[in-house]
Amino acid sequence: MRARRLAKLGLKTARDLLFLFPRDYEYPAPAADVDQLREGVPASLMGTITDAELVSRTPGKSLFAAIVENESGAVRIVFFNQPFRAEQLTLDRRVLISGTPKLNGLRMEFSHPKVTILDQQEDFPGPRILPIYPLTEGVKQSDLRRLTRLVCDSLDSELVEVMPASLRQTGADALRDQGIDLVGDLPGIEEALRMLHYPSGIDSLSSARTRLVFQELLVMQLALAMRRRRVTTEMRSPPLPSTAMIDARITNRFPFELTEDQRRAIDEIRADMARQFPMNRLLQGDVGSGKTVVAIYAMLLAVANRHQAVLMAPTEVLARQHYDTLTRILAGSRVHVGLLCGSLGAAQRRAVIEGTESGEIELLVGTQALLHAGVKFKCLGLCVIDEQHKFGVSQRDALRSGGIDPHYLVMSATPIPRSIAMTLFGDVELSTLRQLPPGRGKVNTYLAQDGWKLRWWEFVRERLNEGRQAYVVAPKVFASPSDTEDENEDVTSVESVFEELCNGPLSDYRVGLLHGRLGADEKRSVMESFASGRLQVLVTTTVIEVGIDVPNATVMTIQGAQRFGLAQLHQLRGRVARGAHAGHVCVFTDGESQPEENERLKTFAECEDGFALAEADFRLRGPGDLLGRSQSGLPPMRIAELDRDFDILVAAREIAQAMVDEDPGLNADELVELKRQVLRRYGERLELGDVA
Ligand code: ADP
Ligand code: MG
């Protein structure tokens, strides 16, 4: 019976039990002497029972009382309605009690304390930290504790040690370098497991946990390091070096000075692209931080080396915008830019595909349509992907040709916490733009309060009268048909907002409507009208979330804001931080709720830093949601918690890299077991097969 319940927890063997890691611990109240006890302060005490009496036997009103005594004095313990205590807590028994004492007369009294009966012979070191295991129905904590303790007591040589002593020593040094408190070397596996299940104290528990977390992260980082190594030795890309002259020629095309961050990212990219294996770099930076400029630099570097470059954007609107930017920057040069997206006519499309194949088109911009169009490049050197989380993973294979891998640059405005970047994307290098280009207006964010609507539209009209433009964003395209009474009927739609504004507060202004259900031509013409200033107000869904650049638009109204994620809200806000004028964002919720009551919206209003918001989002929603953990294909961690164990992760990564640099196949005798574990856990997923 118990075996079956245990099996439900995945516990079939003694080994399974050992690797059932406690999810938490119960820390005993500190052991105290009698004269240190304070009323109302939890404490533990060890002593001998010197008096015990069932004071009242009346069923339903029984009272058992006993005196527990040690060198420092005596306390009283009492239990109501637990007459069985009389059989258990007999004279001369040694016990450990913990609870919260109260003064009763002159003596401290524990009512219903937790009692551990101590063996007479046992030299009991003090109250123990107790593991708390994940439970399944019908299996009790006390059962699991007893079983794991049994297994720990009979540990034998079956346990495989994957970390030889030398590694436990270098590991400990690296961990201390990261500021982790650790006495001595990392414990061996046997001691670590014993301490994890049956800790003798906080310090040994902590070093046991550190060892196991380190091991788990080391195994992962070894796999990733081996994979990086494989990329550098086995994959081939065209080296696309840059000289000072090329660099000057490219930067002269930009109408502004690069920011320091842009310069640093560009230098990192230059170093990557000069090598003969693929660059694999993620360029992250807040909305408006100037990622596109960095990407254009990389593309022009490819062209300078007589290679083609392709830029993929998640939407057609964005692809066109990138195309326009490139054309503008390359005005007067001989570089040919092509655009390929779903809405092209067949003839145009064919022309672009042919131009790309012949090599006449050197820079190609497009949407996913690129992947399906069967485009062949004459000589592709670089692939830039804007807003990568909107793409699937198979895109890469579609773009390599003839055994040559292009260099990869991925841009993302959703900052990825470093801990995630180092694991899920372990073989990706990071460049980060933290600075915004100079001359950016500040954005003020307001949470609408009751009765703000009239005042806010008044404010919007004032800005429009000054010549500025405005966005109004809503979560949904159409109003719910009235015959469906689904729970979403209150969700604000752009359709209804548009109507309301045109007939009400903004009736004197030129208002346009943009959403994903419009045809591509219509979308484009609306966007162009807004960009040129013919439309003053754009009512839209999150189609504008990514990348649209209209510096004159400085006011944004977000309706139904509780339906957007933090990252999304921040992206939206970025739309009105493009120009020299201050931006204003006002947040309204739909339904009954008030923006002030919403934690997410409050965080949004208080915090302007996209990185901090991404971290908050990550905490609120978990990494899986942020990036699609399933996409990474990495197994979940068993004991490590990336947030909490970030320092251990850094140490593990460092050691792993050094180990693989020294011994790429991990072939040293003493690493046999470690290598086996790396391959078992990650070999298939990371295609390390041939290393084995
Ligand atoms: P992102 O793609 O990161 O959102 P963009 O590359 O589109 O940002 O840049 C946003 C705006 O800032 C663009 O209008 C761009 O021309 C401008 N910009 C970029 N870098 C600089 C710079 N160093 N100095 C001034 N303006 C810049
Ligand atoms: Mg962009």
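Whatever order the structure lists ligands and atoms in, that order sets their numbers, starting from 1. Start at 1 with the first residue, then count along the sequence.
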>> If the cut-off is 4.0 Å to any non-hydrogen atom of P437, which atoms of ligand 1 fall inside it?
In response: 18 (N), 19 (C), 20 (N), 21 (C), 22 (C), 24 (N), 25 (C), 26 (N), 27 (C)
> Can a donor-acceptor pair be found between the side chains of R468 and T554 at a distance below 3.5 Å?
Replying inline: no
> What heavy-atom pair brings S412 and L282 nearest, and what distance separates the two atoms?
Replying inline: CB-CD1, 4.1 Å
> Which heavy atom of L649 sits nearest a heavy atom of Q221, and at what distance?
Replying inline: CD1-NE2, 3.4 Å
> Which of the atoms of ligand 1 are close to V293, meaning less than 4.0 Å from one of its heavy atoms?
Replying inline: 6 (O), 19 (C), 20 (N)
> Should we count CZ of R306 as having more than 12 external heavy atoms under 6.0 Å?
Replying inline: no
> If you measure from each heavy atom of S289 to ligand 1, is any distance below 4.0 Å?
Replying inline: yes
> Looking only at N/O atoms, are F256 and ligand 1 under 3.5 Å apart anywhere?
Replying inline: no
>> Given 3.5 Å as the limit, does a donor-acceptor pair link the side chain of E360 with the main chain of H336, or not?
In response: no
>> As a quick check of understanding, evaluate side chain to side chain donor-acceptor pair (under 3.5 Å) for R573 and T445, giving each step before the final call.
In response: CA-CA 8 Å; R573 172 163 60 189; T445 306; 2.9 Å; yes
> What part of L258, side chain from CB on, backbone N/CA/C/O, both or neither, has a heavy atom under 4.0 Å from ligand 1?
Replying inline: backbone
> With a cut-off of 4.0 Å, which atoms of ligand 1 are near a heavy atom of T259?
Replying inline: 23 (N)
> Which one of R575, E257, K291 has a non-hydrogen atom at the shortest distance from atom 3 (O) of ligand 1?
Replying inline: K291
